[in-house]
Amino acid sequence: MSLLRSLRLCLVARAGTYPAGPLQLQSSQPRHTFHTGPRLASSASSKELLLKLRRKTGYSFVNCKKALEACGWDLKQAESWLHKQAQKEGWSRAAKLHGRKTKEGLIGLLQEGNTTVLVEVNCETDFVSRNIKFQQLVQQVALGTLLHCQNLKDQLSTYSKGFLNSSELSELPAGPETEGSLKDQLALAIGKLGENMTLKRAAWVKVPAGFYVGSYVHGAMHSPSPHNLVLGKYGALVICETSEQRANLEDLGRRLGQHVVGMAPLSVGSLDDEPGGEAETKMLSQPYLLDPSITLGQYVQPQGVSVVDFVRFECGEGEEAAEAE
């Protein structure tokens, strides 16, 4: 007897009658049909939006989904909603962490055209200073300072130099592609990284033709950004006057910056200053860092340039003195 006939006889015995037609085996499970209707298309579209928002903002999938649901799956509104929520959380966390010491951080150096800026942003630990999100904050501060400097309408006959303190720096616009001010970006970074941070200071230099800005950052690492930003723990700008464009100016400027970082002069001084005594704090009469047998002035003089000014930043500078007081 075939298997099919056996099954038919079993079913007949249970039902008490023979089936009128051929036996049709049916599953007890509900029938599923597959189609590419609106629901499936909508699901795929939602997943695509979720991935796009995640890539664009860097926030978690859970928060991105919450934002899209709250904004009716409108990508632009969801992005804005996420930033506002993160900002609220950041301001709240910033208030709780306020007052905690920020001895670590980074110096950022950015040059574009005839403008050069040096900024300092502090955090609590060296671990956070190596985080890409913290480095992006330093980049935003450097860009904000650069734009501020470039927007100053001045006719340069000589170099100009300026400084911004913490409160002035905080009020600068974050940039053309970012909403709010730099203090808003600071709050966002605090919310993401969970440490107290401060926008400590910035310096900027603009030069006309006939001047050159040498620069050096100690422990330099290039930021993973399209901008020519250099990060480190010490930074220096050295403003030189030169009668002609020399091929070795970049190398010369870097060496002068190294000297400023290493020897920490307090003023430029003059070529007539005698070495020793109070002159030890004057740049041109200091022993040249890379060749202590001569003074820096003796090294510079044959190069055809005149050192007229400098800026030196050391990360965390002043924190220890303030703590001791």
Side-chain angles (χ1 to χ4, degrees), residues 105-121 132-165 168-183 185-186 189 199-242 244-258 260-261 305 307-313 315:
L106 287 171
I107 302 296
L109 168 72
L110 186 60
Q111 290 183 288
E112 188 176 288
N114 70 335
T115 305
T116 309
V117 301
L118 206 59
V119 302
E120 179 180 356
V121 183
I132 186 67
K133 288 184 172 63
F134 181 80
Q135 293 175 9
Q136 286 169 346
L137 174 64
V138 181
Q139 175 191 308
Q140 287 176 319
V141 174
L143 283 170
T145 305
L146 184 74
L147 289 171
H148 167 75
C149 184
Q150 289 174 336
N151 288 334
L152 296 174
K153 304 298 181 186
D154 43 12
Q155 298 295 322
L156 292 176
S157 58
T158 185
Y159 77 95
S160 64
K161 179 178 77 170
F163 293 91
L164 297 168
N165 62 29
E168 292 167 335
L169 197 55
S170 297
E171 296 301 327
L172 292 184
E177 298 177 4
T178 309
E179 292 182 7
S181 62
L182 288 178
K183 68 181 177 185
Q185 298 306 308
L186 174 67
L199 309 181
K200 187 171 182 180
R201 55 180 171 168
W204 53 265
V205 174
K206 290 176 78 173
V207 294
F211 286 82
Y212 178 78
V213 180
S215 63
Y216 174 71
V217 172
H218 187 67
M221 50 183 172
H222 286 268
S223 167
S225 74
H227 303 282
N228 189 29
L229 178 71
V230 186
L231 303 170
K233 295 294 184 180
Y234 297 81
L237 308 178
V238 182
I239 305 157
C240 302
E241 191 170 6
T242 176
E244 58 184 36
Q245 198 69 22
R246 301 171 64 89
N248 68 334
L249 272 180
E250 185 175 346
D251 184 58
L252 175 63
R254 183 177 59 82
R255 288 169 180 264
L256 293 175
Q258 283 178 318
V260 170
V261 164
V305 302
V307 177
V308 294
D309 208 345
F310 67 88
V311 177
R312 181 184 186 275
F313 276 8
C315 190

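Since we're looking at a predicted model, the values are computed, not measured.
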Would you please test Arg254 and Glu250 for side chain to side chain contact (heavy atoms under 4.5 Å, CB included) and show each step? CA-CA 6 Å; Arg254 183 177 59 82; Glu250 185 175 346; 5.9 Å; no
Could you walk me through whether Leu164 and His148 satisfy the side chain to side chain contact (heavy atoms under 4.5 Å, CB included) test, starting with their C-alpha distance in whole Å, then the side-chain angles of each, then the deciding distance to 0.1 Å, before giving a yes or no? CA-CA 10 Å; Leu164 297 168; His148 167 75; 4.1 Å; yes
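Annotation: the span from Thr145 atom OG1 to Leu118 atom CG amounts to 10.0 Å, rounded to 0.5 Å. We find the CG-OG1 distance between Asp309 and Thr158 to be 9.5 Å, quoted to the nearest 0.5 Å. Here Cys240 contributes atom SG and Phe310 contributes atom CZ; the two are 12.0 Å apart, rounded to the nearest 0.5 Å. Here the straight-line distance linking atom OH of Tyr234 with atom CD of Glu120 works out to 11.0 Å at 0.5 Å rounding. With rounding to the nearest 0.5 angstrom, the CG atom of Leu199 is 11.0 Å from the NZ atom of Lys183.
Judged by distance alone, with hydrogens and angles left aside, the side-chain atoms of Lys233 form a donor-acceptor pair with the main-chain N or O of Gly105 at under 3.5 Å. Counting only distance, with no hydrogens or angles, the side chain of Arg312 and the backbone of Val260 share a donor-acceptor pair below 3.5 Å. Listed for the Glu171 side chain is no donor-acceptor partner under 3.5 Å among the backbone atoms of Glu168.
Residues Val261 and Gly235 approach most closely at CG2-C, 4.1 Å, considering heavy atoms. The nearest pair of heavy atoms linking Gly108 to Val138 is CA-CG1, 4.0 Å. Leu237 and Ser215 make their closest contact through CD2-CB, 4.0 Å (heavy atoms, listed as atom of the first residue, atom of the second, distance).
The side-chain hydrogen bond (donor to acceptor under 3.5 Å, both in side chains) check on Thr115 picks up nothing, with sequence neighbours excluded. Glu241 meets the salt bridge (charged side-chain N to carboxylate O under 4.0 Å, His left out) test with no other residue; sequence neighbours excluded.
For the pair Leu186 and Val141, the minimum side-chain heavy-atom distance is 4.5 Å or more. Residues Leu109 and Val117 have side chains not in contact (no heavy-atom distance under 4.5 Å, counting atoms from C-beta outward). For the pair Leu172/Ser181, no side-chain contact is recorded, criterion being any heavy-atom separation below 4.5 Å from C-beta on. By the 4.5 Å heavy-atom criterion applied to side chains, Leu256 and Val307 are counted as neighbours.
Of the residues Leu169, Leu137, Ile107, Leu106, the one that meets the side chain to side chain contact (heavy atoms under 4.5 Å, CB included) test with Val121 is Leu137. Considering Asn114, Val213, Val308 in turn, Val308 is the only one that fulfils the side chain to side chain contact (heavy atoms under 4.5 Å, CB included) rule with Tyr159.
Phe313 carries Arg201 over the face of its six-membered ring, with the cationic atom under 6.0 Å from the centre and within 45° of the normal.
Side-chain N/O atoms of Glu112 and Gln150 include a donor and acceptor closer than 3.5 Å.
Within the structure, side-chain hydrogen bond (donor to acceptor under 3.5 Å, both in side chains) pairs that include any residue of residues 202-212 comprise Asp154-Lys206 (at least two apart or interchain).
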